[in-house]
Amino acid sequence: MVGEKAEKLPRKVYEKELLRLQTELVKLQEWVRATGTRLVVVFEGRDAAGKGGTIQRVSEHLNPRVARIAALPKPTERERGQWYFQRYVEHLPAAGEIVLFDRSWYNRAGVEHVMGFCTKEEHQLFLRQCPVFERMLVEDGILLRKYWFSVSDTEQQERFRRRLEDPLRRWKLSPMDLESITRWEAYSRAKDDMLVHTDITESPWYVVESDDKRRARLNTIAHLLSSVPYDEVPPPVLELPDRPGSTGYQRTPRDLQTYVPDHAARL
């Protein structure tokens, strides 16, 4: 139940349902491509809330020419002199495309506001302009879905600790991530303020309880699929042709080419 600590979803149950949902995501992708739909999915939340893992599962089996991830770095000096939303507009999808925003224009409502990277006036301007901006996107035909990943303070700290100890995931930690621990309440107030101003009828926020990553991933994908009126597009009929007979081609001698050493043979 939402708001209560649920038992961790068993791995076998998770993997079986994830495969089923990912199969549906492929069908959704083909519908988007065939119909010229433009789909934008925004993933937001605190550091270590599970956004990245969910995005990875959403995009895992999709065609990168149709579905791409937009994870923008910090703005350049030129971009800081633009209208705030301008750098995000150029990453919006064209017809037949899906864009998954790993963080988005909502940086200004969260980290920029809390860490002092924007002025109070810029923050207030964002809160006024954002609903207008999103209404324009929806009015133009873009399907916009926004997910906020909600993680508890104890679970976030445990995930930080595991990242700190794991050489494969330590890159995910930055000094700013760790400082967010000391600014928990400031981020909470910023999130509440953001939701008050930007949870609008045209583009509502959907909150994902994410202390259990497996549940969060399944719940997000299932909701996304249920929110888009896609149909299965019949695939083109393909037949594997017979391989033609040889016409006398001879392969270049192997000793004239440089091969990658067989590292696997030494295992």
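For Gln29 and Tyr230, the side-chain atoms include no donor-acceptor pair closer than 3.5 Å. A donor-acceptor pair shorter than 3.5 Å cannot be found between the side chains of Glu185 and Tyr187. Of the N and O atoms on the side chains of Thr198 and Glu134, not one donor lies less than 3.5 Å from an acceptor on the other residue.
Ring pair Trp105/Phe101 is perpendicular by interplanar angle, where above 60° counts as perpendicular and below 30° as parallel. Below 30°, between 30° and 60°, or above 60°: for Phe85 and Phe126 the angle between ring planes is below 30°, a parallel geometry.
A salt bridge does not link Lys27 with Glu30: none of the charged nitrogens is closer than 4.0 Å to a carboxylate oxygen. By the 4.0 Å N-to-carboxylate-O rule, Arg108 lies close enough to Glu112 to be salt-bridged with it. Glu15 has a carboxylate O that lies under 4.0 Å from a charged side-chain N of Arg11, or vice versa, which qualifies the two as a salt bridge. Salt-bridge annotation for Glu97 and Arg68: present, with a side-chain N of the basic residue lying under 4.0 Å from a carboxylate O of the acidic one. The pair Glu77-Arg80 meets the salt-bridge criterion, since a charged nitrogen lies less than 4.0 angstrom from a carboxylate oxygen.
Put simply, the side chain of Asp199 gets close to the backbone of Trp205: a donor and an acceptor are under 3.5 Å apart.
Relative to the six-membered ring of Trp184, Arg189 misses at least one condition, a distance below 6.0 Å or an angle of at most 45° to the axis.
The minimum heavy-atom distance between His113 and Ala109, with the atom names listed, is CB-O, 4.0 Å.
In this structure the side chain of Arg145 never reaches within 4.5 angstrom of the side chain of Val42, judged on heavy atoms.
When Arg159, Arg163, Lys172, Arg103 are each tested for a salt bridge (charged side-chain N to carboxylate O under 4.0 Å, His left out) with Asp47, only one passes: Arg103.
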